[in-house]
Each structure stands twice: as C-alpha cells, then as structure tokens.
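One structure is given here, and the rest of the page talks about it.
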Amino acid sequence: MELRAFPAAFGFLAVACSGDGQSPKAAFATSGTHSLVQEQLRQQNDAVLLVHPPGLPADRAHARDQDTFVVLAGEIYNHEELLGLLPDGAEPSGDAELVLKLLGRYGHHAFRLINGRFAAMVGTGRQVLLATDHAGSVPLYVRPSPGEVSAATEAKALAPHGRPQGTPIPGAQRVRRVPGAFQVPAGTVLEIDLPSGTARSHPTWTPPLHRRIMSEDDAVGAVREALERAVRTRIAPGSTPFVVLSGGIDSSGVAALAHRSAGALRSVSMGTDVSDEFDKARIVADHLGSAHQEITIHSSELLAQLPHTVWASESLDPEIIEYLLPLTALYRVLDGPRQRILTGYGADIPLAGMHREDRLPSLDTAVVGDMSTFDGLNEMSPVLSGISGHWSTHPYWDREVLDLLVSLEAGLKYRYRRDKWVLRAAMGDVLPRETVTRPKLGVHEGSGTTSSFSRLLAEHGVPEQHLGRAKRRVVEELFDRTVVAGVHPDETDTGEVVRQVAAGLRKEGA
C-alpha cells in the first residue's frame, strides 16, 4: 500500500446518533471537496462530511464491516509493520480499512500500534471511538451528548451544530466559547457510550520520561537512521519532495535526507522586508542542487495573515501564533498546484533548541516541560497548509523520531557548547559545515514576525510592558470572530482589532 501524494481525506465532521440524524454541514478552513457518507449500523446511524483533495475519491478515507464504521483523516507511516500483523491476503485498500482490520484484532488498542498523522472516528455497537495520533498533530474536537456525538477536525465545524450542552470529559480542554465542545487529547482514544454520552479516556502514547545513555557514535547513528526513515516514509513514490527551507539545521537536515531518498529536491524560503534568511537557505539549496524559490512578503501583508493563522490553527497562544504566522503566509502565496510539503518544524521541542544558554543541569527540565505542554497548541495542524489545499508533514514529530530525541540524555543535546549537537553531528556529512555550525534562529525571528507584531501594537499606543497582554487579547478576539462566530478571515480587519484592544487597555489604565 504505497503513500499517495495526498491523504484520502484532510478532515471531517462526523455525527453519530442513536436515532435518526440530520446530514452534517460545515464550513472548513481546509480547502477541498466535500463528500457526505452515511452508514446505518445496528445501534447507531453515522453521517460524515469529508473534506478531501479535489479530483480524488474519498472512498479510501472510510471503511466498514458488519457493525463497525471507520473514518480517518490524514495518513499512516508504518504500513509495512502493520500489514505484518494481519493474516496473509488481508491487505487493505486504504488507511481506513487498515485501521478497521486492526480494530478487529486489537480493539481500541490498535491505535497504540499506529505511527501516523491522523484523526479517526469509529462507530461500533453502542460506542463511538475518537482517536488522535501520538502528537495530536491533526486536531480533533468533540461534543458528546446523550444519544448524539459530534466530532470534527476543526472546532469551527462544531460551533453552529449540535446540542448546546455536552457531557464533560475529564482531562480534556474545553473549546473557548463553543459550549459543550472539548479537544481530544493527543495520543488518546476516547471511548464514548452513545446512549449516555459519557466518555472514558485511553492514552495511546505519552512522551518518554526515561533517558537513554548512549555513546556519541551510537546516538548519532540512531538519530540519522530514525530521521532518514521518517523522511523517506513521507515522500510519495516517484515524486520530487518539496521542503520549506530556512537554512537552519532542522529544515536543512530534512532537505538533505529528502534529496538523498528521492534523488531530486524542490525547496522554498520566505522572508519579509524586515528580515530574511535567503543567503543561508541558498547555501543549502546550491549544495543539494535543489530547484529553489525565494518569496518576499511585506511585513504589513504578513500581519494581515493573523486572522487566517488563528482561523487555521485554532490556537489561543500568541507565541505559537507568531511561530505559525510566516508558515501560513508562505502556504497562502505558493504558486502552482497543491503540494505535499515537508518541514523542519518541531525539532526544537524534543532537543531544547530554543534554550541557548549553557545550562546543562536544567536542560532536561526544559524538555520535560515543553513535552508536557505542547498538547492543544496545534503547532502541527495540517489546516495551516490546508487553507490553500496543501498537505504538510513534519518528520521530527514522527513517533519513532520523537521517542528517540526526547529520550536522549541532555548531554547529547547540548555538547561541546553546541545546541542540538546530536542532530548537527548526524547531518555533518550531508550539509555544508557553515550550515551545521550555524546558530539557532526561530522561524518567527528569521522573518521578523515578532518585531512586526510588537511594532504594530506599539504604533497603537500599547506600552512595551503590556505587549504580551495585548497580543493575547488580539488573538482571543480573532479566535472569537473567525472560529466561534464564523466570520471569514478576509472579512476581518486586523488593524480594527488592534485598535479595539489598545483602546480597551487604555480604558483599564494599562
């Protein structure tokens, strides 16, 4: 079962009912074709609105047997391993059918076996199962009520639908101002009893707390092997991989391994009138022989993407929004057809790459803290690229790569006064030396995002000491408008929101 250029489905809105239900309707931020699938099981009726690549059928995104119905958005990366668990001759036609067959053997424990980037809904008997991948990289939201369970890969799809009050889910985050809606935790299967709407939570993955003590050579070899496999499994056979390239070690490592796997490479870099990293990215592109593109976006145009970034990510963390803003802007201006895009995003979290000072004794504390607080931030959400019809994937957050990077002892992450040493050493033979030794720079720093956002608020009279507070209020207001109220980002004026927030702070005396 080979990897296709795009998943069979990017997202869904699903409704499971004990009785007769209505056909679900939704406005997704993700761009694609909408298809309705309805299945009547013995004890429930399921209706699913799928958003999928135009021109491609969505039939591989759902599967059923006598009394089990599976819907899956996203893709699975460890196909061969999973196929080895099935009887001979039982090869499925798509990822949803693969999950269906695994469920037949392992029940909900099947999701503990899967390494992928997905969200899934399963209707079976009187139960509804909702599953996220290990990192929750495809966000999943649910509103459970007695006799009806609604679930969607975008919270905005639940805002206008369903009953006003849902059944509480212990340990799950509530969705801001969407009554009764919760975000399914990362690496979790929620087992919901349809008649009562009550849920039980079954964790399928947690960040490792143990640490591996390995020699330098063993650690470097293990990181290289794990990352090579993660990159290889994300490249569609016969295609030329396309990588977002900043010129830093993270994205450059992905680009180099993608080139080695496919024998060719396309890459793109983005900057603004305030800042760019074009010269650093060009060094890598020239070294690899990549067909490389540079895109410059004016900082005012970048800030105009704030509503689209909040609308797509559904994140309320202003720091995360700043990280994601340049990516959203880049995806929206890419020319040509829809793309499968690989990124170097996410390596900083398991490797503590943003903690630059020499603080080895406490570096592991930073890793534990970052890995315990990533859930719900939606940094990896495919909707960021999906608003323009692209599909993005992040090799550093492959389950096996993440297991390895998190578990390495801190002395391999900071060594010889070099951050992310083990990754730099693993990439030393495929990248220019100046790239391997280049100091870390965040994507929001390289594009000038943080300074631009701060400058915009300062121009409206927000004092420096209140910039963080003002940014949070701006993000919350954009969330309320685009996600909760359903106002399209194109109809949302960032400047007007900033003026409103600044006026509110002045009124409070801030």
Side-chain angles (χ1 to χ4, degrees), residues 10 29-31 117 135 137-139 154 234 241-248 250-255 258 266-272 274-278 280-281 292-299 301-336 338-349 353-354 374 377-397 440-453 471 475 478 482 489 494:
F10 296 140
T30 300
S31 174
R117 175 166 169 69
S137 71
V138 179
E154 297 182 34
R234 284 162 171 76
F242 186 55
V243 177
V244 175
L245 180 62
S246 70
D250 304 343
S251 63
S252 298
V254 170
R266 293 179 299 136
S267 54
V268 63
S269 298
M270 192 217 79
T272 70
V274 175
S275 179
D276 67 63
E277 300 176 87
F278 288 157
K280 304 301 183 184
H292 187 64
Q293 180 182 8
E294 296 173 352
I295 297 176
T296 299
I297 300 176
H298 195 276
S299 57
E301 296 176 1
L302 184 69
L303 288 170
Q305 304 301 317
L306 270 170
H308 292 85
T309 305
V310 175
W311 183 57
S313 68
E314 300 181 330
S315 177
L316 288 162
D317 189 309
E319 185 173 351
I320 299 303
I321 294 300
E322 288 183 343
Y323 292 161
L324 300 179
L325 181 57
L327 288 173
T328 307
L330 173 60
Y331 294 141
R332 294 196 71 218
V333 300
L334 280 178
D335 295 327
R338 299 166 183 260
Q339 306 278 358
R340 165 178 284 271
I341 302 171
L342 280 75
T343 84
Y345 199 83
D348 282 330
I349 299 174
M354 295 301 291
F374 75 86
L377 298 178
N378 297 352
E379 289 186 74
M380 311 295 167
S381 174
V383 185
L384 293 161
S385 57
I387 58 176
S388 297
H390 307 299
W391 175 257
S392 56
T393 180
H394 317 293
Y396 288 104
W397 276 63
K440 166 68 187 174
L441 192 66
V443 62
H444 61 304
E445 298 167 306
S447 63
T449 303
T450 299
S451 60
S452 297
F453 196 4
K471 287 180 179 180
V475 169
L478 291 173
T482 62
T494 302

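Just so it is clear, the structure is predicted and the values come from calculations on it, not from any experiment.
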Check: In Å, rounded to the nearest 0.5 Å, how long is the span from CD1 of Ile320 to OG of Ser313?
Finding: 9.0 Å
Note to self: What verdict does the side-chain contact (heavy atoms from CB on, under 4.5 Å) test give for Val274 and Leu302, after you've listed the backbone C-alpha separation in whole Å, the side-chain angles of each residue and the deciding distance to 0.1 Å?
What the structure shows: CA-CA 11 Å; Val274 175; Leu302 184 69; over 6 Å; no
Next item on the list: Drop me the distance from His292's NE2 to Ser269's OG, to the nearest 0.5 angstrom.
Entry: 3.5 Å
Notebook entry, point to check: Who pairs with Glu294 by salt bridge (Lys or Arg N to Asp or Glu O under 4.0 Å), at least two apart in sequence or on another chain?
Noted result: Arg282
Check: Does any donor atom in the side chain of Glu314 or Ser381 lie under 3.5 Å from an acceptor atom in the other side chain?
Finding: no
Margin query: Assess the residue pair Ile341 and Tyr331 against the criterion (side-chain contact (heavy atoms from CB on, under 4.5 Å)); give the C-alpha distance rounded to whole Å, side-chain angles, the decisive distance to 0.1 Å, and a yes or no.
Written below: CA-CA 9 Å; Ile341 302 171; Tyr331 294 141; 3.7 Å; yes
Next item on the list: Name the orientation class of the two ring planes belonging to Phe10 and Trp391 (parallel below 30°, tilted from 30 to 60°, perpendicular beyond 60°).
Entry: parallel
Checklist line | Between OG1 on residue Thr328 and CD1 on residue Ile321, distance to nearest 0.5 Å | finding: 7.5 Å
Margin query: I'd like to know if the side chain of Ser385 reaches the main chain of Pro382, judged simply by a donor and an acceptor atom lying under 3.5 Å from each other, with no hydrogens or angles considered.
Written below: yes
Item checked: From Phe374 atom CZ to Ser137 atom OG, the distance as rounded to the nearest 0.5 Å -> 9.5 Å
Notebook entry, point to check: Are the side chain of Gln339 and the backbone N or O of Phe242 linked by a donor-acceptor pair below 3.5 Å?
Noted result: no
Notebook entry, point to check: Does any donor atom in the side chain of Ser299 or Thr272 lie under 3.5 Å from an acceptor atom in the other side chain?
Noted result: no
Notebook entry, point to check: Hey, does Leu306 have a side-chain heavy atom less than 4.5 Å from the side chain of Leu325?
Noted result: yes
Notebook entry, point to check: After noting the C-alpha distance and the side-chain angles of Ile349 and Glu379, does the key distance pass the side-chain contact (heavy atoms from CB on, under 4.5 Å) rule?
Noted result: CA-CA 11 Å; Ile349 299 174; Glu379 289 186 74; 3.7 Å; yes
Check: Can Leu245 and Ser252 be said to form a side-chain contact (heavy atoms from CB on, under 4.5 Å), step by step?
Finding: CA-CA 6 Å; Leu245 180 62; Ser252 298; 3.7 Å; yes
Item checked: Donor-acceptor side-chain pairing of Thr393 and Arg234 below 3.5 angstrom -> yes
Next item on the list: Drop me the distance from Asp250's CG to Tyr396's OH, to the nearest 0.5 angstrom.
Entry: 5.0 Å
Margin query: With a 4.5 Å cut-off on side-chain heavy atoms, are Ser267 and Ser246 touching?
Written below: no
Check: How far does CZ of Arg117 sit from OG of Ser392, to the nearest 0.5 angstrom?
Finding: 4.5 Å
Check: Is the side chain of Trp397 donor-acceptor paired with the backbone N or O of Gly346 at a distance under 3.5 Å, no angle test?
Finding: yes
Check: Given side chains that start at C-beta, do those of Leu334 and Ile295 come closer than 4.5 Å, heavy atoms only?
Finding: yes
Margin query: Measuring only between side-chain heavy atoms, which start at C-beta, is Leu384 closer than 4.5 Å to Leu327?
Written below: no
Margin query: Would you say that Val244 contacts Val268 through its side chain, given a criterion of any heavy-atom pair below 4.5 Å between the two side chains?
Written below: yes
